[in-house]
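The figures here come from the full heavy-atom set of this structure, side chains too, leaving out hydrogens, waters and symmetry mates. Every chain is numbered from 1 and lettered A, B, ... according to where its sequence line falls, protein lines coming before strand lines.
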Amino acid sequence: MTTPVERLDVAAHGAAGAGRVGSGSAPDLHLALLDWFAANARDLPWRDPAAGAWGVLVSEIMLQQTPVARVEPRWRDWMARWPTPTDLAAASPADVLRAWDRLGYPRRALRLREAAGVISRDHDGRVPTATADLLALPGVGSYTAAAVTAFAYRRRAVVLDTNVRRVLTRLVGGQALPPPSVLAVESERALDLLPDGDEDSARWNAALMELGALVCTARAPTCSACPVRTGCAWRRAGAPADSHAAKRRTQAWHGTDRQARGRFLAALRAAPGPLTTAELAAVWEPGPQFERALAGLLADGLVAAETAPDGGVRGYTLPLA
DNA sequence: AAATCGTGGTC
DNA sequence: TGACCAAGATT
């Protein structure tokens, strides 16, 4: 009886041919997926070469933990309003947070603005190409740096987002879902399958992500429509259930600080001027949690306190500068 | 390294 | 209906 992992070795290395692509991979797999992508890729605005590296960076930050459908309209407005990093760097945090609207995780908006400042000051207003420079930008981690490298600059990079992780975990690993945190073997798998050429590898990354988003979904994958189903270790193993389900803790929401913070920010985005403590109390019950959430927002620079001449707090606003 | 950080759609 | 999930980063 072979385990799924042993089957994976067969899937990954058994059909290794005269690799145009990385060692130990199957050219068939690449052709099948790249052909599928050519025929099925969504027409997303940041995939238009005219979007440029700045457009790609903005999209990647917005897309962190946020569905494409929610991002698209915000991205269009954002790019029309701040077409260059220098434009965004000159905007006030309050304006930026209002334009961010309800994309969620609003500190991403502040970090994007800070990143725009760094780009404007230190990189002549152009999104940097060096990975180290990308990683130095606020809000840019390993995924986003790789995504900008691949999708904006069309260079070879290991792009490991939730989609790619899931697709490779199934296709090669034979398991339903990836573990909670990224393992070294996942990066190795991704690198092993990554085509050698810059443009090929960029397309491959996009194709893997697209497959994960459209076909190889988390809940109910439509394997019948999958271009690489015949090579899928997970299917071959009988599509076993998620082995990491126990470790994965679902994030609480109701009654949490995050919910309180969200309420406060929603109220402040909608308010033309400062809101008093009493007005904030209309959206969240006063008490220790109220104080904690508000203090957190102030510490994070998402909210500013407006003080009266006598030093007392007159009200709260989105940060004006 | 585990916790924290929004929001809304889906089944 | 509530749990799960969505192009992660940061501390």
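A:Arg42 places its CZ atom 11 Å from the C1' atom of C:dA6, with the value rounded to the nearest Å. One interatomic measurement links the two molecules: CG of A:Leu160 to C1' of C:dG8, which rounds to 12 Å at whole-angstrom precision. Going from atom CG of A:Leu137 over to atom C1' of C:dG8 covers 15 Å, rounded to whole Å. The CZ atom of A:Arg166 sits 14 Å away from the C1' atom of C:dG8 (whole-angstrom rounding). Between the CE atom of A:Met209 and the P atom of C:dA7 there is a distance of 7 Å, rounded to whole Å. What separates CG of A:Leu177 from P of C:dC5 is a distance of 7 Å, to the nearest Å. If you measure from atom CG of A:Leu57 to atom C1' of C:dA7, you get 13 Å, rounded to the nearest angstrom. Per the geometry, CG belonging to A:Leu112 stands 13 Å off P belonging to C:dA9, to the nearest Å.
Hydrophobic clustering keeps A:Leu135 apart from A:Leu63 (ILVMFWY residues linked when any side-chain heavy atoms are closer than 4.5 Å, directly or through intermediates).
Heavy atoms of A:Val71 sit nowhere under 4.0 angstrom from any nucleic acid atom. A:Thr217 comes within contact range of no nucleotide atom at all, as no heavy-atom separation falls under 4.0 Å. Residue contacts shown for A:Leu44 include a base, since a base heavy atom lies under 4.0 Å away. When heavy atoms are screened at a 4.0 angstrom cut-off, A:Ala218 is found touching the sugar-phosphate backbone but no base atom. Among the protein residues, A:Trp100 comes within range of no part of the nucleic acid, since none of its heavy atoms lies under 4.0 Å from any strand. Within the 4.0 angstrom heavy-atom criterion, no nucleotide atom of any strand lies near A:Pro180. No engagement by A:Arg165 is indicated, since no non-hydrogen atom pair under 4.0 Å with the nucleic acid exists.
Distance noted for atom P between B:dG6 and C:dT11: 14 Å (whole Å). Comparing the P positions of C:dA7 and B:dA3 gives an interatomic distance of 24 Å, to the nearest angstrom.
In this structure, A:Arg74 pairs ionically with A:Asp77, as a charged nitrogen and a carboxylate oxygen lie closer than 4.0 Å. Under the 4.0 Å criterion applied to side-chain N and carboxylate O atoms, A:Arg42 and A:Glu72 are not assigned as salt-bridge partners.
A close approach under 4.0 Å does occur between a side-chain nitrogen or oxygen of A:Thr162 and OP1 or OP2 of C:dA6. OP1 or OP2 of C:dG8 has not a single side-chain nitrogen or oxygen of A:Thr144 nearer than 4.0 Å.
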List the steps and the verdict of side chain to side chain contact (heavy atoms under 4.5 Å, CB included) for A:Arg261 and A:Leu294.
CA-CA 7 Å; A:Arg261 289 165 59 107; A:Leu294 187 54; over 6 Å; no
Going 5' to 3' through nucleotides 1-8 of chain B, assign each nucleotide B (protein heavy atom under 4.0 Å from a base atom), S (under 4.0 Å only from sugar-phosphate atoms) or - (no protein heavy atom that close).
----BBBB
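Each of A:Asp192, A:Val185, A:Leu193 was evaluated against A:Leu168; a single residue qualifies, A:Leu193, per the side-chain contact (heavy atoms from CB on, under 4.5 Å) test. Applying side-chain contact (heavy atoms from CB on, under 4.5 Å) to A:Leu112 and the options A:Val140, A:Val58, A:Leu137 leaves one that passes, A:Val58.
The base of C:dC4 lies outside donor-acceptor range of the side chain of A:Arg248, with no N or O pair under 3.5 Å.
Formation of a donor-acceptor pair under 3.5 Å by the A:Arg229 side chain with backbone atoms of A:Cys226 is found in this model.
Between A:Arg219 and A:Ala213, it is A:Arg219 whose nearest contact on DNA chain C lies nearer the 5' terminus.
Between A:Tyr143 and A:Val159, the closest side-chain pair of non-hydrogen atoms falls below 4.5 Å.
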